[in-house]
Amino acid sequence: MQITLEQARRLPPTVGLMTAARMLGIGRTKAYQLARAGEFPCKVIRIGEGYRVATADLLRVLGVDPDDG
């Protein structure tokens, strides 16, 4: 999944685990393994059976300042 810097800054406050995983180059199985183990490279929020990732933290992991616009 290719995403531009401008598109990244327009993401909602949280994104799905698979969106974050694709942006980080992590496969589906590994992403869920890391999330379950609490080792995903950025903040993961568990909501029921699902996972959401904090966009600001994801952008920081990617080296993008979410406030630098």
Side-chain angles (χ1 to χ4, degrees):
M1 174 178 163
Q2 293 279 329
I3 186 167
T4 68
L5 187 57
E6 194 56 39
Q7 288 171 325
R9 288 194 176 111
R10 287 194 311 253
L11 288 170
T14 65
V15 295
L17 183 65
M18 291 318 305
T19 297
R22 282 191 299 270
M23 291 174 71
L24 293 167
I26 299 172
R28 175 180 165 72
T29 301
K30 188 65 170 180
Y32 280 100
Q33 287 174 345
L34 292 170
R36 279 192 295 275
E39 297 177 2
F40 199 78
C42 45
K43 183 177 180 175
V44 174
I45 304 159
R46 179 88 187 249
I47 302 174
E49 295 294 317
Y51 295 96
R52 301 293 291 175
V53 174
T55 300
D57 197 38
L58 172 61
L59 294 177
R60 282 187 197 96
V61 169
L62 291 169
V64 176
D65 183 348
D67 299 319
D68 185 25

Side-chain heavy-atom pair I26, Q33 within 4.5 angstrom cut-off:
no
Gap separating the CZ atom of R52 from the CD1 atom of I47, nearest 0.5 angstrom
6.5 Å
Student check: side-chain heavy atoms of L62 and M23 closer than 4.5 Å:
yes
For C42 and V61 the tightest heavy-atom approach is CB-CG2, 3.7 Å
Validation row: V53, T14 side chains within 4.5 angstrom (heavy atoms)
no
Is there a side-chain contact between Y51 and M18 in this structure, where contact means two heavy atoms from C-beta onward sitting under 4.5 Å apart?
no
Sequence neighbours excluded, the answer for side-chain contact (heavy atoms from CB on, under 4.5 Å) partners of E49 is R46
I would like to know whether L24 and L58 meet side-chain contact (heavy atoms from CB on, under 4.5 Å); could you show each step before the answer?
CA-CA 9 Å; L24 293 167; L58 172 61; 3.9 Å; yes
